[in-house]
Peer 1: 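Below is the structure I would like to discuss, written out as structure tokens.
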Amino acid sequence: TLTTSSATGLQVTTPYFWNIAPNRDLTLFPRYFSNRGIMLGADARYLEREFAGETRFEFMNDTKFDGPTRYALSTSHNQVISQGVRFTLDYNKASDDFYARDFPLSHVFDRPGVNRRLLPQTATVFYNPGGAWTGTFQLSDFQLLQDPNAPVGQPYGRLPQINLSYNEYSDRGFALNVLSQYTNFAHPTAVQGDRLIVNPRLTYTDMQGAGYFVRPSVSAHGTLYNLNQVTDPLMTAPARVVPTASLDSGLIFERETRFFGREATQTLEPRVFYVYTPYVAQNGGLYPRFDTTIADLSYGMMFRENRFIGNDRISDANQLTLAMISRYLEDGGMERLRMAIAQRFNLKQSKVGLGNDLATNAEEKTDIMLLGTGRITRETRIDANLQYNQDRSEVNRVNMGVYWQPEPFKVLNAQYRRDSRNLADIPNTKYELFDLSSQWPISNRWSGVGRINYLLDERRIGQSLLGLEHQADCC
């Protein structure tokens, strides 16, 4: 594989595959960097009846780095211990803070769920015997690769976090759900402590009738803290109980029609969601912020009871969301087109905020969220999401993309993304860019891969990748 980047220069990789056994293999990755020297890497995989895993490792003596040997490690393991009990391990580590910057194309962290600057180190035991009760025991921490030009806060370790849940489901009648969680939050410098949560919920669901659904729900969120390493004597974090009532309802209309010459069914699905939560004082002077932030506005967030993500803040709410969905379904069940629009109305201003002061958001209604996704042909898919501000008569945010895959290993994607909100409490909300990526076979075993990310507002290339990939028969 031939690739190039400004950080490493020309990169040449010649992998060697060793098929140790039908269920075990090892791939060696010697790499040459024109700017840095030679790197050795490996990828080992194993698969047994009750467990499987993969470990990736690489190291080098970097000629441009004044320090010890540079390395990166990523290992994952999944194992069935007994009936209903499962264990997973996800451990990632790098030698220094600048590893992700200097090796942007590293294969070690090139897998789902791994952020190249925030490396998870997690071990989890899952308990799921098959009934209503489920549980997890988790030890979770992170290695933060700090960038001095854009520093971020060290996240809390959860040492441990224990979840025990009881979940019932019924499409007609009452269902009881109880979430309980204990977490010990650990941090080298910030407030630490224990947090216990008990969150029972009673829901009545009626969705067996043709053309409608009704889902009222009542819940109570109880929280108990035990803090240490506290610098503010006012942060006593008293026990709190916050009740919530919500109602989710909708209608479903259908009609037979045609879509691009094919027989289809069109639906029209109005939806109404109401939530009420009384105000309970939860400012930053009383309570810590272990895992909580404000949820970014999205279509799905319109139907959440709490506008915060995490359990340190429960937002007061007196809100009504109105939405409309329309879908085109072919006779075989394939969804060819989905369009939706939603807006939330704040009947009373929310007071709970993240900091010491009360929230100051006095908007009576949110921006209008519009989304559409469709499959023009079996090879071509389009997606579009827009956020429209009525007061300023402008589109605050837009994501549009076209995705074409005529055959396996032939992919061409084009995306346009823009966000003009520039929010202080939510990062990365001021940009405009165009993204083009592709993978395409050149010959029988050679493929070209490329991606360019152009920042339109700054008139420069943000990221770029160009490479050749050779696939040889491995066995």
Peer 1: Once you round to the nearest 0.5 Å, how far does CD1 of I309 lie from OG1 of T293?
Peer 2: 7.0 Å
Peer 1: Which value, rounded to the nearest 0.5 Å, describes the distance between N78 atom CG and T124 atom OG1?
Peer 2: 10.0 Å
Peer 1: Given side chain to side chain donor-acceptor pair (under 3.5 Å), test D90 with S76 step by step and report yes or no.
Peer 2: CA-CA 5 Å; D90 183 10; S76 61; over 6 Å; no
Peer 1: Look up atom OG in S140 and atom CG in L159, then write down how far apart they are to the nearest 0.5 Å.
Peer 2: 7.5 Å
Peer 1: Do R313 and R289 have side chains that approach each other closer than 4.5 Å (heavy atoms only, starting at C-beta)?
Peer 2: yes
Peer 1: Strictly distance-based, threshold 3.5 Å: is any side-chain N or O of H187 a donor or acceptor partner for the main-chain N or O of Q154?
Peer 2: yes
Peer 1: Starting at CZ of R418, measure out to CD of Q387 and round the result to the nearest 0.5 Å.
Peer 2: 10.5 Å
Peer 1: Identify the heavy atoms of K430 and S420 that sit nearest to each other, and give their distance.
Peer 2: CD-CA, 4.5 Å
Peer 1: Which residue pairs satisfy the ring-ring contact (aromatic ring centres under 6.0 Å, His included) criterion with at least one member in residues 131-151, sequence neighbours excluded?
Peer 2: W133-Y166
Peer 1: Got a salt bridge between E432 and R459, using NZ or NE/NH1/NH2 to carboxylate O under 4.0 Å?
Peer 2: no
Peer 1: Between N199 and S219, which heavy-atom pair has the shortest distance, and what is it?
Peer 2: ND2-CB, 4.1 Å
Peer 1: Hey, are R45 and D25 close enough for a salt bridge, meaning a charged N less than 4.0 Å from a carboxylate O?
Peer 2: yes
Peer 1: For the pair V108 and L73, evaluate side-chain contact (heavy atoms from CB on, under 4.5 Å) and give the outcome as yes or no after the intermediate values.
Peer 2: CA-CA 6 Å; V108 170; L73 168 69; 5.6 Å; no
Peer 1: Does a side-chain heavy-atom distance below 4.5 Å link K93 with Y71?
Peer 2: yes
Peer 1: Please answer whether the main-chain N or O of F185 pairs with a side-chain N or O of T183 as donor and acceptor at a distance below 3.5 Å.
Peer 2: no
Peer 1: Evaluate the side-chain proximity of N311 to T223: yes if any heavy-atom separation is below 4.5 Å, no if none is.
Peer 2: no
Peer 1: Do the ring planes of Y225 and F290 sit parallel (below 30°), tilted (30 to 60°) or perpendicular (above 60°)?
Peer 2: tilted
Peer 1: Looking only at atom types and distance, does a side-chain atom of Q143 sit under 3.5 Å from a main-chain N or O of Q121, one as donor and one as acceptor?
Peer 2: no
Peer 1: Might you point out which heavy atoms bring A220 and P200 nearest each other, and give the distance in Å?
Peer 2: O-CD, 3.0 Å
Peer 1: Any donor-acceptor pair under 3.5 Å linking the side-chain atoms of Y156 with those of Q192?
Peer 2: no
Peer 1: Given side chains that start at C-beta, do those of R70 and M39 come closer than 4.5 Å, heavy atoms only?
Peer 2: no
Peer 1: Hey, are the side chains of I325 and R338 touching, using non-hydrogen atoms and a 4.5 Å cut-off?
Peer 2: yes
Peer 1: Can you give me the closest heavy-atom contact between L164 and S180, atom names plus distance?
Peer 2: O-OG, 2.6 Å
Peer 1: Is it the case that the side chain of R304 and the backbone of F308 share a donor-acceptor pair, with hydrogens and angles ignored and the cut-off at 3.5 Å?
Peer 2: yes
Peer 1: Heavy atoms only: give me the nearest I38-Y32 pair and the separation to one decimal.
Peer 2: CG1-CD1, 4.2 Å
Peer 1: Would you check if the side chain of R56 reaches a backbone N or O of H107 as a donor-acceptor pair within less than 3.5 Å?
Peer 2: yes
Peer 1: Using a strict threshold of under 4.0 Å (side-chain N to carboxylate O), is an ion pair present between D102 and K64?
Peer 2: no
Peer 1: Please test I20 against Y46 for side-chain contact (heavy atoms from CB on, under 4.5 Å), starting from the C-alpha separation and ending with a verdict.
Peer 2: CA-CA 10 Å; I20 302 172; Y46 54 91; over 6 Å; no
Peer 1: Kindly say whether L40 contributes a backbone atom to a donor-acceptor pair with the side chain of E58 at under 3.5 angstrom?
Peer 2: no
Peer 1: Any side-chain heavy atom of R417 within less than 4.5 Å of one from N453?
Peer 2: yes
Peer 1: Provide the closest heavy-atom pair for A323 versus Y299 in the form atom of the first, atom of the second, distance.
Peer 2: CB-OH, 4.0 Å
Peer 1: Answer yes or no: is there an ion pair linking R195 with D312, defined by an N-O contact shorter than 4.0 Å?
Peer 2: yes
Peer 1: Please evaluate residues D62 and Y99 with respect to the criterion side chain to side chain donor-acceptor pair (under 3.5 Å), reporting the C-alpha separation (whole Å), side-chain torsions for both, the decisive distance (0.1 Å), and the verdict.
Peer 2: CA-CA 11 Å; D62 191 346; Y99 198 92; over 6 Å; no
Peer 1: Using side chain to side chain donor-acceptor pair (under 3.5 Å), reason through D457 and Y431 one step at a time and then give a plain yes or no.
Peer 2: CA-CA 7 Å; D457 52 342; Y431 60 84; over 6 Å; no
Peer 1: So does P120 get a backbone contact from the side chain of N92, meaning a donor-acceptor N/O pair under 3.5 Å?
Peer 2: yes
Peer 1: When you measure from the side chain of Q83 to the backbone of P129, do you find a donor-acceptor pair of N or O atoms at a distance under 3.5 Å?
Peer 2: no
Peer 1: Answer yes or no: is there a donor N or O on one side and an acceptor on the other, between the side chain of R336 and the main chain of R375, under 3.5 Å?
Peer 2: yes
Peer 1: With side-chain contact (heavy atoms from CB on, under 4.5 Å) as the test, would you mind laying out the steps for R24 and E48 before giving the verdict?
Peer 2: CA-CA 9 Å; R24 300 174 186 269; E48 298 290 346; 2.7 Å; yes
Peer 1: With the side chain counted from C-beta on, respond yes when R397 and D367 share a heavy-atom pair under 4.5 Å apart, and no when they do not.
Peer 2: no
Peer 1: Is E305 paired with R201 through a side-chain N to carboxylate O contact shorter than 4.0 Å?
Peer 2: yes
Peer 1: What's the separation between atom CZ in F29 and atom OG1 in T14, rounded to the nearest 0.5 Å?
Peer 2: 10.0 Å
Peer 1: So, do F103 and F33 have ring centers that fall under 6.0 Å from each other?
Peer 2: yes
Peer 1: Are the side chains of R101 and D147 in touch, meaning some heavy atoms are under 4.5 Å apart?
Peer 2: no
Peer 1: With no hydrogens and no angle check, is any side-chain donor or acceptor of N177 less than 3.5 Å from a backbone partner on E168?
Peer 2: yes
Peer 1: Can you tell me how far apart OG (S350) and CD (Q319) are? Round to the nearest 0.5 Å.
Peer 2: 5.0 Å
Peer 1: With sequence neighbours excluded, tell me which residues meet side-chain hydrogen bond (donor to acceptor under 3.5 Å, both in side chains) with T136.
Peer 2: N163
Peer 1: Side chain to side chain donor-acceptor pair (under 3.5 Å) between N306 and S315: does it pass, once the steps are laid out?
Peer 2: CA-CA 6 Å; N306 188 14; S315 174; 4.7 Å; no
